[in-house]
Amino acid sequence: LGFRLASWPGVLAGLAGLSLPGAFLVVAAFKFFNLGNPRVASFFKGMSIGSMVLVAVLCAKIGGGLLTQGLPLRRDLRAMARVALAAAVATAYWMGLPIQWLLLFGAASGLALELAL
Amino acid sequence: VNAAVPIQIFLTFLKISFISFGGVVGVLPVLERMVVVDHQWMTHEAFIQSYVLAQFAPGPNVALCPLLGYRIAGWPGFAAGFFGIFGPPLLIMGVAYVVYHRYRDVALVKRVERSLRPLVLGLVASSGAQIWWAQTSATGHAAWVTRGLAFALTVGGYLLLRQKRVQSLLLIVAVGIIWVGVIPT
């Protein structure tokens, strides 16, 4: 948006306005909390599990909305293929495949899939 | 702090920024591997704590990177993390916007965008699962208590969020409070 409104100075203004306050706020929060305290550490561990719930919801949204576009899987071959590819990527990442290979494989397979179906 | 460290932080986050699509979640394990395992700048616990803190920041969720930089090397690290993670995408976006705006209605461009969705979903799901698994591994308590509680909280939180009965940040804090109540250390 900054670029659209004011070219490259707009990009810098957008970056400073959008990102710097949050970054400073996070550092301030870090200095405020005593993360060495076991109870505080346990609280943060619980919150990290809570934030993974958001990741699960995000995955469900991407899976349901963007991959299958709301159609039942068994009725749409393309949706089934996309979900299978996402599962393959997730498994390969879990198994420790280097990210460069994964990106290459995932992007190439996804493109092949879209062009073939 | 060694003067070379901020430069290393900058280069590390620069690499991450080139493969970070849709926020930092998709590259969290890679970021952790670089920061915790390769460079040994901090522990796994410290890394996850930073990630959780960054969730509470307004703005893009890559606020994690300036915080990691700060924890590693103070304010020079903060600057290195900030410009390392934000710099390249801004430059690329500026150039790509001009190109994309011109060709955005071309069918092939739309298909390329669609073709990347399974990749993004796979990365996000896998990184989320890896963090969940690492965070819920047995501590002082019996392993099944830790993982069972985490599973119950995750499923319950998921259902509440999907039905929009609770705000996301409130849910994170609530899970934190329940967790520290059951497993205080």
Side-chain angles (χ1 to χ4, degrees), chain A residues 3-4 8 11-12 15 18-23 25-27 29-30 33 35 38-39 41-60 62-63 66-67 82-83 85-94 99-100 102-103 106-107 109-115, chain B residues 19 25 30 45 48-49 51-60 63 66-67 70-71 78 82 86 90 94 97 111-112 114-132 135-136 150 153-154 157-158 161-162 168 171-176 178-180 183-185:
Chain A
F3 185 84
R4 287 188 75 169
W8 290 108
V11 172
L12 287 177
L15 172 67
L18 185 70
S19 309
L20 266 182
L25 195 72
V26 167
V27 171
F30 164 66
F33 286 109
L35 297 174
R39 289 181 76 90
S42 176
F43 177 57
F44 269 82
K45 181 172 267 195
M47 288 204 296
S48 72
I49 293 164
S51 66
M52 287 310 115
V53 177
L54 306 190
V55 174
V57 172
L58 175 70
C59 288
I62 298 176
L66 296 178
L67 294 191
R82 287 187 197 126
V83 171
L85 178 58
V89 168
T91 309
Y93 200 20
W94 181 278
I99 187 77
Q100 306 90 309
L102 200 55
L103 289 173
S109 306
L111 190 59
L113 201 68
E114 286 301 321
L115 294 176
Chain B
I19 56 170
V25 176
V30 184
E45 278 301 313
I48 295 297
Q49 284 168 350
Y51 170 71
V52 174
L53 265 177
Q55 295 297 300
F56 289 88
L67 175 62
Y70 178 81
R71 291 189 73 166
F78 177 92
F82 185 83
F86 285 115
L90 282 178
Y97 171 75
R111 294 181 88 171
V112 168
R114 265 205 309 271
S115 73
L116 291 173
R117 290 174 184 175
L119 174 65
V120 173
L121 175 63
L123 288 176
V124 171
S126 189
S127 59
Q130 283 184 40
I131 290 170
W132 189 93
Q135 286 297 86
T136 59
L153 290 172
T154 305
Y158 177 85
L161 266 186
R162 286 292 281 181
S168 52
L171 176 85
I172 294 176
V173 175
V175 173
I178 295 169
W179 190 267
V180 78
I183 305 173
T185 55

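Here is the naming used below: chain letters follow the sequence lines, and residue numbers restart at 1 for every chain.
Between chain B and the options A:Ser109, A:Ala92, A:Ala56, heavy-atom pairs under 4.5 Å are most frequent for A:Ala56. Among B:Ile178, B:Ile172, B:Val52, the residue making the largest number of heavy-atom pairs under 4.5 Å with chain A is B:Ile172. Contacts with chain B were tallied for A:Ser42, A:Ala29, A:Cys59; A:Ser42 has the most, counting heavy-atom pairs under 4.5 Å.
Take B:Leu161 and apply the side chain to side chain contact (heavy atoms under 4.5 Å, CB included) test, not counting sequence neighbours, and it matches A:Val53, A:Leu54, A:Val57, B:Val166, B:Ser168, B:Leu171.
For B:Tyr70, the part lying under 4.5 angstrom from a heavy atom of chain A is the side chain only. Contacts between B:Ala129 and chain A at a heavy-atom distance below 4.5 Å involve backbone atoms as well as side-chain atoms. In this structure, no portion of A:Ala87 lies under 4.5 Å from any heavy atom of chain B. If you measure heavy-atom distances from A:Leu113 to chain B, you find no contacts under 4.5 Å at all.
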B:Val173 and A:Phe43: CA distance, side-chain angles, deciding distance, side chain to side chain contact (heavy atoms under 4.5 Å, CB included) verdict | CA-CA 8 Å; B:Val173 175; A:Phe43 177 57; 4.3 Å; yes
Side chain to side chain contact (heavy atoms under 4.5 Å, CB included) between B:Leu53 and A:Phe33: does it pass, once the steps are laid out?
-> CA-CA 10 Å; B:Leu53 265 177; A:Phe33 286 109; 4.0 Å; yes
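Summarising the geometry of B:Leu123 relative to A:Val89, their closest heavy-atom pair is N-CG1, 3.9 Å, with the distance given to 0.1 Å. The two atoms that bring A:Trp94 and B:Ser126 nearest to each other are N-OG, 3.3 Å, heavy atoms only. The two residues A:Ala60 and B:Tyr158 come nearest to each other via the heavy atoms CB-OH, 3.1 Å. Taking each heavy atom of A:Val55 and B:Gly128 in turn, the nearest pair found is CG1-CA, 4.0 Å. For A:Val26 against B:Ala54, the heavy-atom pair with the smallest separation is CG2-CA, 3.8 Å. Here the closest heavy-atom approach between residue B:Val175 and residue A:Gly50 is recorded as CG1-N, 3.7 Å.
Rounding to the nearest 0.5 angstrom, the gap separating the CG atom in A:Leu85 from the CG atom in B:Leu119 is 7.5 Å. If you take CE on A:Met52 and CD on B:Gln130, they are separated by 11.0 Å, rounding to the nearest 0.5 Å.
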